[in-house]
Structures are given as structure tokens and as C-alpha cells.
Amino acid sequence: MKVDFKAIEEKWQKRWLEERVFEPDRNAKPKEKKFYITVAFPYLSGHLHVGHARTYTIPDVIARFKRMQGYNVLFPMAWHITGAPIVGIAERIKNRDPKTIHIYRDVYKVPEDILWKFEDPKEIVKYFMKAAKETFIRAGFSVDWTREFHTTSLFPPFSKFVEWQFWTLKDMGLVVKGAHRVRWDPVVGTPLGDHDIMEGEDVQILEYVIIKFILEENGEKIYLPAATLRPETVYGVTNMWLNPNATYVKAKVRRGDREETWIISKEAAYKLSFQDREIEVIEEFKGEKLIGKYVKNPVTGDEVIILPAEFVDPDNATGVVMSVPAHAPFDHIALEDLKKETELLLKFDIDPRVLEDITYISLIELEGYGEFPAVEEAEKLGVKSQRDKEKLEEATKNIYKAEYHKGIFKIEPYKGKPVQEVKELIAKELQEKGIAEIMYEFAEKPVISRFGNQAVIKIIHDQWFIDYGNPEWKGKAREALANMTIYPESRRAQFEAVIDWLDKKACARKVGLGTPLPWDPEWVIESLSDSTIYMAYYTISRHINKLREEGRLDPEKLTREFFDYIFREDFSEEKEKELAEKTGIPAETIHDMKEEFEYWYPLDWRCSAKDLIPNHLTFFIFNHVAIFRREHWPKGIAVNGFGTLEGQKMSKSKGNVLNFIDAIEENGADVVRLYIMGLAEHDSDFDWRRKEVGKLRRQVERFYELISEFSSYEAKEGVELKAIDRWMLHRLNKAIEGTTKALEEFRTRTAVQWAFYTVLNDLRWYMRRTEGRDDEAKRFVLRKLADVWVRLMAPFTPHISEELWEKLGGEGFVSLAKWPEPVPEWWDETVEAEEEFVKAFIEDVKEIIRVAKIENPSRVYVYTAPEWKWRVIEVVAEKRDFKSAMAELMKDPEMRKHGKEISKLIQRLIKERAFEVKRIDEEKALREAKDFIEKELSVELIINPEEDRGGKKKQAMPLKPAVFVE
RNA sequence: GCGGGGGUGCCCGAGCCUGGCCAAAGGGGCCGGACUUAAGAUCCGGUGCCGCAGGGCUUCGCGGGUUCAAAUCCCGUCCCCCGCACCA
């Protein structure tokens, strides 16, 4: 039988919408019975694919589950359109970029006539919002659509809400203005995000400390700023390095109201001009001009000579390097090289003896090394000259790492401190004294922008930040987190780390869709920053939407005062009246909004994929604790993993994407939902495999057929049940318990395993065990099972569950039906143990037949353990040691008859730690299952005969009867 | 570099917190059987090694330790994945 999933799905989706099944009424239930769950709204630059499906299905399943548990559930949805990508797409469509057109026409299947409208970003937004909503409806998501909205100034009421949020943060001093470094295209003049970079998108930005050595020339004070990543080594400088062939400049460097004269490489002058310095080049010359001159170390006061070195790269930092041969392999080797080049020295008019006089200065105590680690390491790796670049780099890396992590500084005033600490201290101190500055530089080159230009690092001013570095704020965020439930709990550590590391976050930019910063409208609030507390907006959104529809809303009148009242203040009739006048919204409606917010908040659950932990989810915590009162702080976060397609990462540019809607079209929403929920747990990733989905589809069809069949049965109360019937009901209880527990913890995979597979397998076993039976007891069991099973499956496969619920004559929607609870009288651990015993027995006999290679067995003799052995087990379980168990047992004269055997048995039991054995009536269990066992094994089963066939009888142990096969 | 998370049988993946019932759930694949004219679907069995009686042996990245007992705890080590921001 083919099940027409599509027809069933459409039918119920229509009914749900018509009867407003998922629009909660806050007056229906007390606040203790409310359940508010949200999921990160989708960014709509295209269709949702199956990789996204899990993120949205989880909260829906939980919402459905909670609804059935009797909660008043709010599960809203909105759309995120803030940011640059959509604008970028529009631009690329306009430019007829073939790649973009391919994606939108062929992968997303946008009709041609609509595609060209995409030159306007608003059209993109319009199209995909509609598509996403349709997808969600067709996925069967139990969303309250009355609260739908989207972000940016295209939806003014929400924009006003964001404005309010930012004013509030600003007043608290949490939005600050400052400088910020960005990757920058110097030709086009724009900041470069990751996707704006053609080459080198993952290159790190390093913070060089540039230490200004002093060169006195004709009484003029000139600085020679040496760039280093190890400022602490300034105490060990023996000389300076310049590249004699590189071009250097003498330039006036202005920063603020300070002006100095520097000598740096030509490249450095250019790069520094983007980093808060005004550079005026006075003179250009080759590095050789300065070789042999002396400069003064600004920290130690030492006079050191400038020497030539070809390893100095003028395009790295300042092109000026200080030499610390004791701890830097490059410096050591360069000095060794130079000693051999007398001619070169003479050319620069340097007395070779100067080199001989250079004494290495040891700064760092490092275990496993002597005074000069750099020298040792270079030797160890067999470095011969500066040209052994690879080896030298390795040596440098080794030494740097070792000294940084394990080194102890030897020079006062930092003596005895770990290098790691000293480095920070010195860098800070030197900067404070004006001896050193910071220069940003790429760790590798080249870094090319998508415009094809060599990128630089620029310091931008007037940038607005949200100051997540604020220690007080961090404290509150930590407090909130500590009181939250995180699923999976193992992610908590990451949240803690993120809260610790988070610092100033640029919150506005000059391009893209969004809400303008209310006090500085040139800036648009950036997309991660405008969606941190919108869960609060949902609570009043339906009123806003209604007012809007009725044309009774002037968004401009949604002032700070209005939002303050709703979200941050106490109830006040007076205030409501006042606001009614100011906003034009009826006082009752304002009151209603306030009540609704107070009812739904705090948010019970926030769901999202795990990639949002380092940003959105943590911002969500931060912004909540800043703006809302403690009682409104969020209660839980559940994160989930991503999806791949047949083992491959989904990539729209490569075309291997399966759109969510296409998957639904192909398999039906219920199958897709069940598949995705059963595939992975919590934050682990899942892999979509077409073949498996197909298989599942058939199983779901089977489920449908089974329940359809059982629906005709009558559950007549009071019929006498056989052991196997009770077993089935007991197992059903377990499935209820297992599913419920798993769903409470967002463990969808375990839940599906219980709700679907375990029940299916148990049912299979039950049918096998009861084959040929057709009696009232069996019908009773199957009918009960159907009732329970449909409800257990309803969160996962809501459409066919509705259909089946209707067939079963259930009242109303299964979506609102009561979630099953274990039936107390169904519990029967004994019958389960007996059934397991029977199963194990069959397995054992099969094993014997197999191993002993018995052909055509005809009879199986089974001997269950005698009573006294059970007694021994019980006593051992209680006493747990040989002496007292033996003593206890020997009190009984019946037992004494078996004294010797008992002593052996006790020893064995203690050795095996067999302390937990559930007592069952083995003989009864075997007799009840006799027919079945005989059929399974195709033998005659003889239970506990007098005659000891094969002399096996004495082997009988509790739960392990003696067996003889003939 | 800093931070977070992992390494389990042919593959995916549970178990690890709270050591024992773990040769290790559940899928998938593969092999065999039943059903069928056949294919498919479905059902049953097998899938570390050895074993003519239900047993034994060796396994959970690698090395060591704790324990009567370790996939699970501790120490060391190797390898892998992810994030590092103005970007959704």
C-alpha cells in the first residue's frame, strides 16, 4: 500500500491553520504551565536546505511534545534580513554574475521573470520570506504565525525596538565609540570581510611591538623602530639589523599632536600611514647607508652597532630588526655569517674586531638548554647560514615556543617571572613610557582583496562597539549562564570561554540592510547585534501586527518610553494611559502587551546550531542580562549540529544542496522530520543519505498500515492477558518513559529510537510470539498500543499521526492530545525478565546446536535450577562474602545436604560478582513459551523431565538452565 | 598561538560523567536462509579469532598507572575537527 503522504499533510496543515491550533491563548493556562521556545530565525539569502532542517525541526518537536504535555506553548518565527550579503547578491545579479545567476536560477529554481527583479534586494527578501514560510508550513512546524515579522528598517516597528535596545545599552555605557583595526583595501577604500578576500582569508593579524632605538645624527634625534614579537628580548640586544639592499625612508611621523622622525622601510611607511600615523617622507635611501652607525637601546641605554643582514624583509613590519643572538637563531646565524665576510665588513668600514667583541646576553632560563638556547638549537638542527631559511624558521619556532611556555626571565626587575608574563608587562610598560608602539601586520603574505589589491591593516575610528569586555557585564552573563540549562551540557565550557574572551564587538557598519544607529544614522546596526533580544519582541508582536493591519499603528510613536514600560517597568495604569495618548495605541492594548510579555518571559529555550555559540548565543545572554530584570533572564539553550549530504559538505556554489522543500516534496514532511530527528543527537552532525530516507519511508508506511489495522480493534477491558501480552504492555510503558525522558533533554535521536524503533521491534517480537492468535487479549493489547504509539510519534510525524488519530477515533487534534504516561498496572518487570530468559534460552540452544554441529536435532531437554541454588544466590547477594553467606546457609538443614556444592557455588558467585539476579519462575516461563520455542527451534521441548538426559542436570544454574539436545 | 571538542568493530554511531551484567546498543554495508517465476520489498540468521555443548582468547588512537575488575578513572603521547569577530 502506498500512503499518500502529501494529501494527508496538506489536509492537516490546512486544518491546523484554519483552527488556529498553534496560537496560544495566554489566558488559557497559568504561568507555571507556559512554555516559550524560540529558534534562531533564518537569514534569507536563499532557500533553506536539509542542513538547516534539523535546527528548526528540533524546537518544533519539543514544542509539540510540551503542548501535548498540557503546556501553553509559544513557538514563533520571524525572518532575518539584516546585513550585506543580500545587497551583494542584488548587485551581482545586476552585474549578471554567472555564478550567482546559476545558484539562483538552477539551484534555488527561482523563475526567470522573478530572478531579474532581484536587482532590488527587497525583491530577494520578499521572495525568500514567502518561500521560507511555505517551507515551514509544509514541514508541519507548529508556529504561531500571528507573530511573524522581519528585521531592518523595512519593518519599522521592529526597527524601533532595536533602536530602543541600542539607546538602552548606550545609556548604560555599553555601547562605546572607539578605534578598531580592519583588513582594508587601500585602493577601493573599504573594509574587507572574510568573503571579500581572494587570497589569504585566514591569515592572522599579528601585533608587533616596535621599539624605538635612538640614532643621534648631527644632534638630531631620529628613531629606528625595531619590530618584534618578543619585546622582553630588548634586554639582550647586541646590535641592529638592516637590509643593506632594501629601500628605507626617513620620515616625519605624526600621531596625534606628537611628531617624530623615524627611519623605516619604504613599505612600512606606507603601511603605517593606515595605522593612525601621518607619514611625511623626507628622504629615501638604501639600508647600506646606515650600516656601521650606532644606535642607543632606549631600555638599557646600550650603544649598539647597525649591521647588514639579508634575512631582514623590508615588507615585514618596519624592516628594522633588533638582534638578540642568545635567543633568536636568525640573529645568531647572521652574526656567524658576518664574521666570515671580512670584505663586506670592510666595505662598510667596520672593524672586524667589533664583531668579535659582541657578547651574547642571556636573558632566559630554559630547562634543557644552556645559556644561549638559540645557539644550541641552531647547532642541533645543523643550520649553516642565513640561507637555511627553513631550518632557521623551525629553530626560531622551537625556541620561541619553549621560552614562551617554560622560560624564566633572568633580568631585573622581572627576575624569576615566567616569560609569558614578562612579555606582557614589558610591552605594556614600554608603551606607557613612549618607548614602544604597536604595529599591526599580516602573519603571511600576500593578502589580496576581491578587487585584486594588496590588503593592508587599517585602524578605523568612530567605530561603534558593544563593550562585551565590561567586567561587570561579564559577571552578570556568567551568573545567568550558571543558572541556565545547556544542552548538551558539554557545551557549557565553551560558553564560559566565550564569555571570558569576548571583548569590544563592532556593532555597526556602513553597508547592508539594517536599522540605522539612532544617534548616528550613517551607521547601520550590524546583523548579529540587532538580533539578540528579539525573543522579547515576539511576545508583543501579534498586537503590533494587528494594529498594523488595521492601520492603527504609527511606528514612529513606538518610543523608548513605550518599550521601557513594556519590558522593564512595573505595571502602571497611569503609565498606560499616558502612553496611550502618546502612541495612539489603546491603553487596554498596551496593558495586554505588557501582560503578555510578563506571561511568556523568561524564555524557556533558545535553540540554534552550534556555530552560533561564539557569537549570537552568547550575545543573547549578554544583552538579556543587561536589559532585562533577573526574573526575565533566559533559562535554557539547546544547540544542534549541522548536516552533510551523502558525506559531502553542502555547498550551493558546487550545487550539491538539497533544499528542505525539495526533500519534503520527495519524501513527505513526516519522513523527513523523523529521519532528521533520528539521525543525530544534540550537537553531533548528521549525514543525509537518500537511500536511508527511502528505507525509512517504507517503515513509516508500515507504521501507518499497522495502526490503521489496529484501529479497527476493540480494547475490551477486563480480558485476561497472557504473559506475552503483559510483556508487550510493559515494554510500551518503557517506551513511553524512554521517549518522555529523552525529549525532556532534547535528545531527539534517543527519543526516536524509543518512540519508533523500539516499539516497532517489540511489536515485531510480539507478533512473532503471538502468531496464529486472534483473541480479545491480543486485540486489546494492539489497540492500546496503537493509541499510545500514535501519540508518541505525533511530535515527529504529526501529519500521519493526526490522520491515524482520527481513524482511532481520538478526540480533537492529536497535536493537542494528552501525552501518554506509563500505565501503573502495565508495569511488570518479572514478565520482562521471563521473556528475556526465554530469548536467552533460545539463543543458547541455537548456539549449542551450531557449535556441537548437531544435525537435525529433534528433542531439547531442559532442566531449570533447583530451588536451593536460587537460595544461595539470594544469600550471596545479601552477604557478599564467603564466610557469612556460608554460615547463613548452613543454618538450614535442607541446605546442608548440598554443603560441598554450595561452598563451591558461593566462591564462584563472589568471584563473578553475581549479586544482582532477579528471581523468576523459569519453569512457568518455559511452559508458557513452549509452543513458540518448539516452533522457533523446530524441536520438541521437554521441560524438567525426571530422567537426567546426557547427565546435564547438575549444570543447571538460575537463569541458565541445563540443556541437552538430541 | 589562544579557546572548545573529538579518536570505539568494514562504515556511521551509542556507551565514557556515576568502573563490573560490554565482544560492546542502533543503523548501514556485506554474507547466508525463508518467501517469490524472477527482481524488489519483507522476515530470519551471521558478520574479531578459536571452539563437535551454551565456552575461551584478543579488542575500544598509542604507552604507562590505579583496581579483584577499565572503552569507561589518572598520567604521558600522537593524531583529527571547529571557532578566533565586525561576518551571516
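Throughout, a chain's letter reflects where its sequence line sits, starting with A, and its residues are numbered from 1.
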Distance between P atoms of B/U72 and B/G64 (Å, rounded): 14 Å

Check: A/K474 side chain, A/D500 main-chain N or O, donor-acceptor pair, under 3.5 Å: yes

A/F932 six-ring face occupied by A/R769 cation (under 6.0 Å, within 45°): yes

For nucleotides 70-75 of chain B, tabulate all protein N/O to nucleotide N/O atom pairs closer than 3.5 Å, reporting atom names and distance.
none

Integer-rounded Å distance: B/G1 C1' and A/Y208 OH: 13 Å

Length of the line joining A/K505:NZ and B/C84:C1', which is rounded to integer Å: 12 Å

Value in whole Å for how far the C1' atom of B/C84 lies from CD of A/E207: 14 Å

With sequence neighbours excluded, residues passing side-chain hydrogen bond (donor to acceptor under 3.5 Å, both in side chains) with A/T190: none

Side chains of A/T750 and A/E681, donor plus acceptor under 3.5 Å: yes

Residues that A/E771 engages under side chain to side chain contact (heavy atoms under 4.5 Å, CB included), provided they are two or more places apart: A/K935

Distance in angstrom units between A/Y468 OH and B/C86 P, rounded: 15 Å

Review item, nucleotides 40-45 of chain B N/O atoms under 3.5 Å of protein N/O:
residue : atom : partner : partner atom : Å
B/C43   : OP1  : A/R764  : NE           : 3.1
B/C43   : OP1  : A/R764  : NH2          : 2.6

Shortest non-hydrogen contact from A/A506 toward A/E526: O-OE1, 4.0 Å

Nearest-nucleotide comparison on RNA chain B, the residue closer to the 5′ end among A/D611 and A/R491: A/R491

B/G28 to B/C50 separation - P atoms, rounded to the nearest Å: 27 Å

Interatomic distance, A/H616 NE2 vs B/G83 C1' [rounded to whole Å]: 17 Å

Euclidean distance, atom CZ of residue A/F756 to atom C1' of B/G26 [Å, nearest integer]: 13 Å

Nearest to side-chain heavy atoms of A/Q204, which nucleotide of B/G1, B/A88, B/G26: B/G1

Rounded distance (Å) that lies between atom C1' of B/G28 and atom OH of A/Y757: 11 Å

side-chain hydrogen bond (donor to acceptor under 3.5 Å, both in side chains) involving A/N761 - partner list, sequence neighbours excluded: A/R764

Phosphate OP1/OP2 of B/G4 contacted by A/K610 side-chain N/O (<4.0 Å): no

Test side chain to side chain contact (heavy atoms under 4.5 Å, CB included) applied to A/V87 - qualifying residues, sequence neighbours left out: A/L513

Separation of the C1' atoms in B/G63 and B/C57, to the nearest angstrom: 23 Å

Separation of the C1' atoms in B/G5 and B/C11, to the nearest angstrom: 22 Å

All salt bridge (Lys or Arg N to Asp or Glu O under 4.0 Å) counterparts of A/R919, not counting sequence neighbours: A/E867, A/E874

Nearest-Å distance once atom P is located in both B/A23 and B/G55: 11 Å

Heavy-atom protein contacts under 4.0 Å, nucleotides 50-59 of chain B, coded B base, S sugar-phosphate only, - none: -BSBBB----

Mutual orientation of the aromatic rings belonging to A/Y108 and A/Y104 [parallel < 30°, tilted 30-60°, perpendicular > 60°]: perpendicular

Aromatic centroids of A/Y863 and A/F964 separated by under 6.0 Å: no

Interatomic distance at C1', B/U8 relative to B/U42, whole Å: 32 Å

Strand partner of B/C21, provided both Watson-Crick or wobble distances fall under 3.5 Å: none

A/H47 ring center within less than 6.0 Å of A/F128 ring center: yes

Contacts of type side chain to side chain contact (heavy atoms under 4.5 Å, CB included), residue A/T151, not counting sequence neighbours: A/F41, A/H80, A/I81, A/T82, A/F158, A/D530

Pairing residues for A/L48 by the side chain to side chain contact (heavy atoms under 4.5 Å, CB included) criterion, not counting sequence neighbours: A/P42, A/H52, A/Y56, A/A132, A/F136, A/F660

Partners passing side-chain hydrogen bond (donor to acceptor under 3.5 Å, both in side chains) against A/D948 (at least two apart in sequence or in another chain): none

Protein-nucleotide distance (A/H461, atom NE2; B/C86, atom P), rounded to Å: 17 Å

Upstream residue (5' side of RNA chain B) when A/Y404 and A/K691 are each assigned their closest nucleotide: A/Y404

Letter per nucleotide, 5' to 3', of nucleotides 12-18 of chain B [B base touched, S only sugar-phosphate touched, - untouched; heavy atoms, 4.0 Å]: -SSS---

